[in-house]
Chemist: 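Next up is a structure, given as structure tokens.
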Amino acid sequence: MAAPKDFLEFVDANADLFIQRLGEAVAIPSVSGDPSHRQDVLKMSNWLNAQLQALGVDTKQVDLGTQELEGQTLQLPPAVLGSIGKDPKKKTILIYGHFDVQPAQLSDGWDTEPFTLVVDDASGKLIGRGSTDDKGPILGWLNVLQYHHKHGKELPVNLKFCFEGMEESGSEGLDDLVIRESKPGGYFEGVDCVCISDNYWLNTRTPALTYGLRGVVYYAIHVTGPARDLHSGAFGRTVHEPMTDLIALMNKLVDGKGNILIPGVDDMVAAADAEERKLYEQLDYSIADVEEAAGGKIALSDDKVQVLMGRMRLPSLSLHGIEGAFSGVGAKTVIPSKVAGKFSIRLVPPQTPENITPLVNKYIEEEFAKLGTKSQVRIEYLHGGRPWVANVKHWNYEAAIKATEAVYKRKPDLMREGGSIPVTLTFAESLGVNVLLLPMGRGDDGAHSTNEKLDRSNFIEGTKLLGSYLYEVAALS
Ligand code: BES
Ligand code: MN
Ligand code: MN
């Protein structure tokens, strides 16, 4: 059953109002990773809660307790749960999204203020932090609700919502909530499937559905030496330097081709057979797509299948930064007294934080011992999540394929994704239902990057897609 024609017309007719509302959401700098913005994440929780209520959704904000961050005890932003429709004859879909965002500053290299949504009419881009990750998709659901609310029309399915404000910081506190509310009598009781819109098409042309995500483990290697920062003239070549030791260690984690050097990690994953390779061959993707999205001719291989497998079905290790290193202007002649090297590994089945962390610890300790330094090392595990792969032979995917065909007049690419949304697997396991990722944005949106954008057409057609998906689920039940 296709979505009503007047729904599709309503979305077109109200596009400017929807964009204005997205502007309101982007203007709240809800950066979960920065303690100084914690109040804004709270504000965003309140804003979303009020929006949902105004559209007829029963809501509650759930206190998730506190968190220790950089020596401070911080209140976690409340999750927003919602429910609309209780018809036992209809399917119940649980919608997940996150209203926190990554940090952003004009000085990072943005062309416009990151927390002011800029509508660029020439390119059709809606530019601002959170436009695609993940405020645009959340607001897509609000747009769908608005049509039904305004016209006094019942939704074709019952909906539950679970929106959180800590996703970008490892979804602190959410797993417990999801597990608790998935039990008999819990808020999510009766949920038939889950839909998450928090990812992107593979390219800029072809709509996609996503049935897999990589997991992640994030670590800091702390190396300490002198009691305080030292003058490199007075102490250079007279003491062991923590930064030298740390760089040596970080250099042993991954090679320039992406091979992970920690014994046992790459080996855990079986090679793809011919049938699986074919899945990657069939995807509408080229080396030009990855290089355009990355903004440089820097792909690890000329072979599209190899590049896609590197993102979707192989683990990867990335070095992120060194805390405590000199990074200011000028040429300070300092020997930093303590430094922390940050890196993460993206995981694929059968890898888990539990089976990877011992390998990481053992290897780093062994390699550190080989350095023969008098510095001290400590490995800190910051956060982690397991990978997830879903069964696409399910009515949830069938409905999403039909909705995509209805809105975009073409079949979606079925893909796995390299990013992580740790709570996905928690939903799948604790509810025991199928989970679908239904992306709104494009592969070049620049989530986490400068000039993050969502194309106007993806916001508007994406709203139609979300709505149509609900009607297709109803039709298949
Ligand atoms: N929306 C992303 C997940 C994502 C990334 C999907 C790339 C598809 C492609 C999500 O907001 C995110 O950034 N997740 C973090 C999770 C981490 C903090 C545990 C990630 O992947 O780094
Ligand atoms: Mn996201
Ligand atoms: Mn993100």
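Note that ligands are numbered from 1 as they come in the structure, with each ligand's atoms numbered from 1 the same way. When a residue number appears, it is its place in the shown sequence, counting from 1. Quick note: numbers below take in every heavy atom, side chains included, and nothing from hydrogens, waters or symmetry partners.
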Chemist: Does ligand 1 have a heavy atom under 4.0 Å from the side chain of Gln102, from its backbone, from both, or from neither?
Modeler: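 It is neither part, as no heavy atom is under 4.0 Å.
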Chemist: Donor-acceptor check, side chain of Ser131 to backbone of Ile127, threshold 3.5 angstrom: yes or no?
Modeler: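 No, Ser131 side chain to Ile127 backbone: no donor-acceptor pair under 3.5 Å.
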Chemist: Side chain or backbone of Tyr218 under 4.0 Å from ligand 1, or both, or neither, by non-hydrogen atoms?
Modeler: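 Within the 4.0 Å criterion, Tyr218 makes no contact with ligand 1.
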Chemist: For atom 17 (C) of ligand 1, state which one of Arg214, His383, Arg311 supplies the nearest heavy atom.
Modeler: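 It is His383 that holds the nearest heavy atom.
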Chemist: Determine yes or no for a side-chain-to-main-chain donor-acceptor pair under 3.5 angstrom, with Gln102 supplying the side chain and Ser449 the backbone.
Modeler: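 Not a single qualifying donor-acceptor pair exists.
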Chemist: Just to verify, what does Tyr471 make a ring pair (Phe, Tyr, Trp, His ring centres under 6.0 Å) with, not counting sequence neighbours?
Modeler: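 Partners of Tyr471 under the ring pair (Phe, Tyr, Trp, His ring centres under 6.0 Å) test: His148.
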Chemist: If we count only N and O atoms by modelled type, under 3.5 Å, do the side chains of Thr66 and Gln75 hold a donor and an acceptor together?
Modeler: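 Not at all, the side chains of Thr66 and Gln75 share no donor-acceptor pair under 3.5 Å.
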Chemist: Tell me if a side-chain donor or acceptor on Asn396 pairs with a main-chain N or O of Val194 at a distance below 3.5 Å.
Modeler: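 The answer is yes, because a donor-acceptor pair under 3.5 Å joins these two groups.
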Chemist: Give me the residue, atom name and distance of the protein heavy atom closest to atom 11 (O) of ligand 1.
Modeler: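 Of the protein heavy atoms, Glu167 OE1, 2.7 Å lies nearest.
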Chemist: Give the contacting part of Glu168 toward ligand 1: side chain, backbone, both or neither, where contact means a heavy-atom distance below 4.0 Å.
Modeler: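 Both backbone and side chain of Glu168 come within 4.0 Å of ligand 1.
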Chemist: Is the centre of the Trp201 ring less than 6.0 Å from the centre of the Tyr408 ring?
Modeler: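 Yes, they do, as the ring centres are separated by less than 6.0 Å.
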Chemist: Considering the heavy atoms of Asn199, write down every atom of ligand 1 situated less than 4.0 Å from one of them.
Modeler: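 Answer, ordered by atom number: 6 (C), 8 (C).
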Chemist: Of the options Arg386, Arg346, Glu167, which is the one that meets Ser420 in a side chain to side chain donor-acceptor pair (under 3.5 Å)?
Modeler: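 Result for side chain to side chain donor-acceptor pair (under 3.5 Å) with Ser420: Arg346.
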Chemist: Less than 6.0 Å separating the ring centroids of Tyr147 and Phe7?
Modeler: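 Yes.
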Chemist: For the Mn ion (ligand 3), which protein N/O/S atoms fall under 2.8 Å? Skip waters.
Modeler: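 As for protein N, O or S atoms lying under 2.8 Å from the Mn ion (ligand 3), they are Asp133 OD2, Glu168 OE1, Glu168 OE2, His448 NE2.
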Chemist: Please determine which of Lys125, Arg205, Arg442 meets the salt bridge (charged side-chain N to carboxylate O under 4.0 Å, His left out) test together with Asp455.
Modeler: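 With Asp455 as partner, Lys125, Arg205, Arg442 yield a single salt bridge (charged side-chain N to carboxylate O under 4.0 Å, His left out), made by Arg442.
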Chemist: Please could you name the atoms of ligand 1 that Val216 approaches to less than 4.0 Å, counting only its heavy atoms?
Modeler: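 Going through ligand 1 atom by atom, the ones under 4.0 Å from Val216 are 19 (C).
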Chemist: Quick one: which ligand 1 atoms are inside 4.0 Å of a heavy atom on Glu417?
Modeler: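 Answer, ordered by atom number: 6 (C), 8 (C), 9 (C).
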Chemist: Any donor-acceptor pair under 3.5 Å linking the side-chain atoms of Asn49 with those of Thr59?
Modeler: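 Indeed, the side chains of Thr59 and Asn49 share at least one donor-acceptor pair under 3.5 Å.
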Chemist: Ligand 1 versus Pro422, non-hydrogen atoms closer than 4.0 Å: side chain, backbone, both, neither?
Modeler: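 Near ligand 1, Pro422 shows its side chain, while the N, CA, C and O stay back.
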Chemist: Regarding atom 15 (C) of ligand 1: of the candidates Ser420, Gly385, Gly97, which has the closest heavy atom?
Modeler: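 It is Ser420 whose heavy atom sits nearest to atom 15 (C) of ligand 1.
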Chemist: Nearest to atom 5 (C) of ligand 1, what protein heavy atom do you find, and at what distance?
Modeler: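 For this ligand atom, the closest protein heavy atom is Gly419 CA, 3.6 Å.
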Chemist: Is the charged tip of Lys160 near the ring of Phe188: under 6.0 Å from the six-membered ring centre and within 45° of its axis?
Modeler: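 No; the conditions do not both hold, so Lys160 does not lie above the ring face of Phe188.
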Chemist: Which atoms of ligand 1 sit under 4.0 Å from any heavy atom of Arg346?
Modeler: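 Ligand 1 atoms under the 4.0 Å threshold to Arg346: 20 (C), 21 (O), 22 (O).
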Chemist: When the aromatic ring centroids of Tyr397 and Tyr211 are compared, is their separation below 6.0 Å?
Modeler: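 No, too far apart.
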